[in-house]
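Please read through the structure below; I'll follow up with questions.
A note on names: the letters A, B, ... follow the listed sequences, proteins ahead of strands, and every chain is numbered from 1.
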Amino acid sequence: MTSDGPQIPEQTANQQDPGRMPPRVRIAPSPTGDPHVGTAYIGLFNYVFARKHGGTFILRIEDTDRVRSSLSSEQAIISALQWLGLTWDEGPDVGGPHAPYRQSERLDLYKRQAQVLLDKGAAYRCFCTKARLDELREQQRASKAAHYGYDRHCRELDPAQSQARAEAGETHVVRMKMPTVGETVVVDGLRGSIHRANAESDDQVIVKSDGFPTYHLANVVDDHDMGITHVIRGEEWISSTPKHVVLYEMFGWEPPRWYHIGLLRNPDKSKLSKRKNPVSIDYYRDLGYLPETLLNFLGTLGFSFGDDKERFSVAEMTEVFDWSKVSTGGPVFDQAKLAAFNADDIRALSIDELHARVMATVLSEDRIKAMLTVAQQRIDLLDDLIPYVSFFFGGSVDLAPVLPKFRIKKRSRADVTGILERYLEDIELDARARGFTGEGLEAFSREFCERHQWKARELFTLLRLAVTGRTASPGLFETLQICGKDRVRRRIREVIAVLRAGEDW
RNA sequence: GGCCCUGUGGUCUAGCGGUUAGGACGGCGGCCUCUCACGCCGCAAUCCCGGGUUCAAGUCCCGGCAGGGUCACCA
């Protein structure tokens, strides 16, 4: 299976000597939403590490979650990473020696490997129902149990009987048979040895009832198959890494080296989340951050260049990169500092360069034409254009003049705030709205109104006020489309914050 | 709650037994200037706590505490 992949001299691959063979690293985003800055952050470290050592940087799409994954999200991730310039050597779009690079297209491999584990007695079929598991979890929570995991109910079922039940069509999952004694050590290149008693880990599901593998199986199988030498990923994975180590042992494979990078945080120190901070790479792109600036900023989080230098390019970072310069704490993603970096970089551009950047982004031909299309009927002089379309630009909009208009007859302040919050959330859930085209948004929005028993007129007014800061604008949905998803979301979020802070009416 | 990770100004970080604890963002004050912005100068602000070890601890050890992650048929 890996006959063409390099065998990794793991024994010699210590921190001083990253291995004689060039490293192979990957990022493995899940295409379940907008491209996340966390992906860019982890991608940066993987990219730099690979380039530093003349290795290979791979993009693998982890789309084993059948219900949440979408091709549009995958495309968005690819284009966001391309915008940043983190180019990969192998991936779903460019192919490579270990294609396919999309997990949904590698099902046979996982199925085969799961069978290997089953045959070895290292895994077993579990027929427990969702209801039983929910109840179990509930009980554990209620009784404040020391351990919350699966109770291994099906672990000792007779394999032959299990197989017969499976063949008879009984729905089941496959779980790994975690050792119940001893401990597993994860050697982390950043944090040293992490010990964990095996009894702490439960029998993780490795194949779901729909036949798709879970992350744990797919990730181990693919990393091995693709010859991944160093797994550089987020800290959130630390607690399941012992399971991964055990999986490698069960297969008899040499594990990669692990490096767990600290998680990006919200200002309140919790894990970075879209409710508390813009997390979409698209947001930063569409609001006019420079890609090299975003990368530089990300580079200063968790990594220190040395010599008090913090403005550096990816190429420079690559030159001096060393794990000893990487810290393990979870850095807060500070918008103000990013903005300051961006301001500096804009100032450093020549006028010609600046012009080129602006024309390629906020004033791109497509965008201007879209604006002209909606402005044509509404301006009398050519010179009226810019004032008229001003709300298509910039982050926030001045709400002060329209704030009183948010008061809608027979609706409380809480009603208004609530419906806007709900709208913001539901955009994510609806495929048409997610695409953010005028048509899709309109269909979604009308349905949304019906569902919540709001008149279209009421909600649409709120949206217009929130997004444009005006009582009159071009058609709402074409306006939303041109503004773009991230600007729209930001402005709605800001309105919500303002309304929430105010007195009831 | 169990387990695990982390702990230098508000934030990102440097430091690796002896430093006036350095830089950056932000804040504050000033200079420049027709205004604003830029730019420049300056100021305030930090070693989580408690024990050890040591002539000497932000740096080493132990114990607390705090924050975070994770305990899914999501990754």
Short N/O separations, protein against nucleotides 6-11 of chain B, under 3.5 angstrom:
residue : atom : partner : partner atom : Å
B/U11   : OP1  : A/K269  : NZ           : 3.4

Problem - Expected output: side-chain A/E235 to main-chain A/L263 donor-acceptor under 3.5 Å - result: yes
Please list every donor-acceptor pair under 3.5 Å in which a side-chain atom of residues 301-309 of chain A meets a protein atom from a residue at least two apart or in another chain.
none

Problem - B/G51 to B/C65 separation - C1' atoms, rounded to the nearest Å - result: 14 Å
Completion exercise
Whole-Å distance, A/E183 CD to B/G2 P, equals 19 Å
Exercise for the section: Write down the distance separating the C1' atoms in B/G7 and B/C49, rounded off to the nearest Å. Expected result: 12 Å
Exercise for the section: Go through the structure and list residues passing ring pair (Phe, Tyr, Trp, His ring centres under 6.0 Å) with A/F333, not counting sequence neighbours. Expected result: A/Y284, A/F297
Problem - Whole-Å distance separating the CH2 atom of A/W258 from the P atom of B/C4 - result: 18 Å
Problem - Backbone of A/R434 reached by a side-chain donor or acceptor of A/E428 within 3.5 Å - result: no
Practice task
Find the partner of B/G1: check Watson-Crick (N1-N3 plus N6-O4 or O6-N4) and G-U wobble (N1-O2, O6-N3) distances, both under 3.5 Å, and reply none if neither fits.
Solution key: B/C71
Practice task
With sequence neighbours excluded, give me every ring-ring contact (aromatic ring centres under 6.0 Å, His included) pair touching residues 182-220 of chain A.
Solution key: A/Y215-A/W237, A/Y215-A/H244, A/H216-A/H244
Exercise for the section: Assign each of A/H195 and A/S270 to its nearest nucleotide of RNA chain B by heavy atoms, then name whichever residue's nucleotide is nearer the 5' end. Expected result: A/H195
Exercise for the section: Please answer whether the main-chain N or O of A/F57 pairs with a side-chain N or O of A/D89 as donor and acceptor at a distance below 3.5 Å. Expected result: yes
Problem - Polar contact flag, side-chain donor to acceptor under 3.5 angstrom, A/T328-A/H260 - result: no
Fill in the blank from the handout: By the Watson-Crick or G-U definition, both distances under 3.5 Å, B/G18 is matched with B/C55
Exercise for the section: For A/S396 and A/R490, test the side chains for any donor-to-acceptor distance below 3.5 angstrom and give the result as yes or no. Expected result: yes
Problem - Spacing of the P atoms in B/C60 and B/C3 (rounded, Å) - result: 25 Å
Handout entry: C1' gap between B/G58 and B/C16, integer Å
Key = 10 Å
Exercise for the section: Quote, to the nearest angstrom, the P distance that separates B/G15 from B/U59. Expected result: 15 Å
Practice task
Searching all strands shown, indicate the nucleotide that pairs with B/G63 (Watson-Crick or G-U wobble; both distances under 3.5 Å).
Solution key: B/C49
Check: protein-nucleotides 37-42 of chain B nitrogen or oxygen pairs below 3.5 Å:
none

Practice task
Tell me, please, which residues at least two apart from A/D383 pass side chain to side chain donor-acceptor pair (under 3.5 Å).
Solution key: none
Exercise for the section: Consider only side-chain N and O atoms of A/S270 and A/N266, and report whether a donor and an acceptor are under 3.5 Å apart. Expected result: yes
Practice task
Could you tell me whether a side-chain N or O of A/S73 sits under 3.5 Å from a main-chain N or O of A/G33, the two making a donor and an acceptor?
Solution key: yes
Practice task
May I ask you to list the residues of residues 288-302 of chain A, by number, that have any heavy atom positioned under 4.0 Å from an atom of RNA chain B?
Solution key: A/T300, A/L301, A/G302
Exercise for the section: At under 4.0 Å between heavy atoms, which parts of nucleotides 70-75 of chain B does protein reach? Answer with one letter per nucleotide, 5' to 3': B base, S sugar-phosphate only, - none. Expected result: SBSBBB
Exercise for the section: Report yes or no: does A/K208 contribute a side-chain atom to a donor-acceptor pair with the main-chain N or O of A/V174 at less than 3.5 Å? Expected result: no
Practice task
Sticking with atom C1', work out how far B/G30 lies from B/G63, rounded to a whole angstrom.
Solution key: 49 Å
Handout entry: Side-chain donor/acceptor of A/N46 to backbone N/O of A/I232, under 3.5 Å
Key = yes
Problem - 5′-ward residue of the pair A/S324/A/A197 relative to RNA chain B - result: A/A197
Problem - For A/Y148, ring pair (Phe, Tyr, Trp, His ring centres under 6.0 Å) partners two or more places apart - result: none
Handout entry: A/R152 vs A/D203 side-chain heavy atoms within contact, under 4.5 Å
Key = yes
Practice task
State which residues pass ring pair (Phe, Tyr, Trp, His ring centres under 6.0 Å) with A/F45; sequence neighbours excluded, sorted by chain then number.
Solution key: A/Y41
Exercise for the section: Specify the residues of residues 303-314 of chain A, ordered by number, for which at least one heavy atom lies under 4.0 angstrom from an atom of RNA chain B. Expected result: A/S304, A/D308, A/E310
Handout entry: B/C28 - base-pair partner by Watson-Crick or wobble geometry, distances under 3.5 Å
Key = B/G42
Exercise for the section: Please state the P separation for the pair B/A57 and B/G18 - nearest whole angstrom. Expected result: 11 Å
Handout entry: Integer angstrom distance from the P of B/G9 to that of B/A21
Key = 16 Å
Completion exercise
Those residues at least two apart in sequence (or on a different chain) that pass ring pair (Phe, Tyr, Trp, His ring centres under 6.0 Å) with A/F251 are A/W253
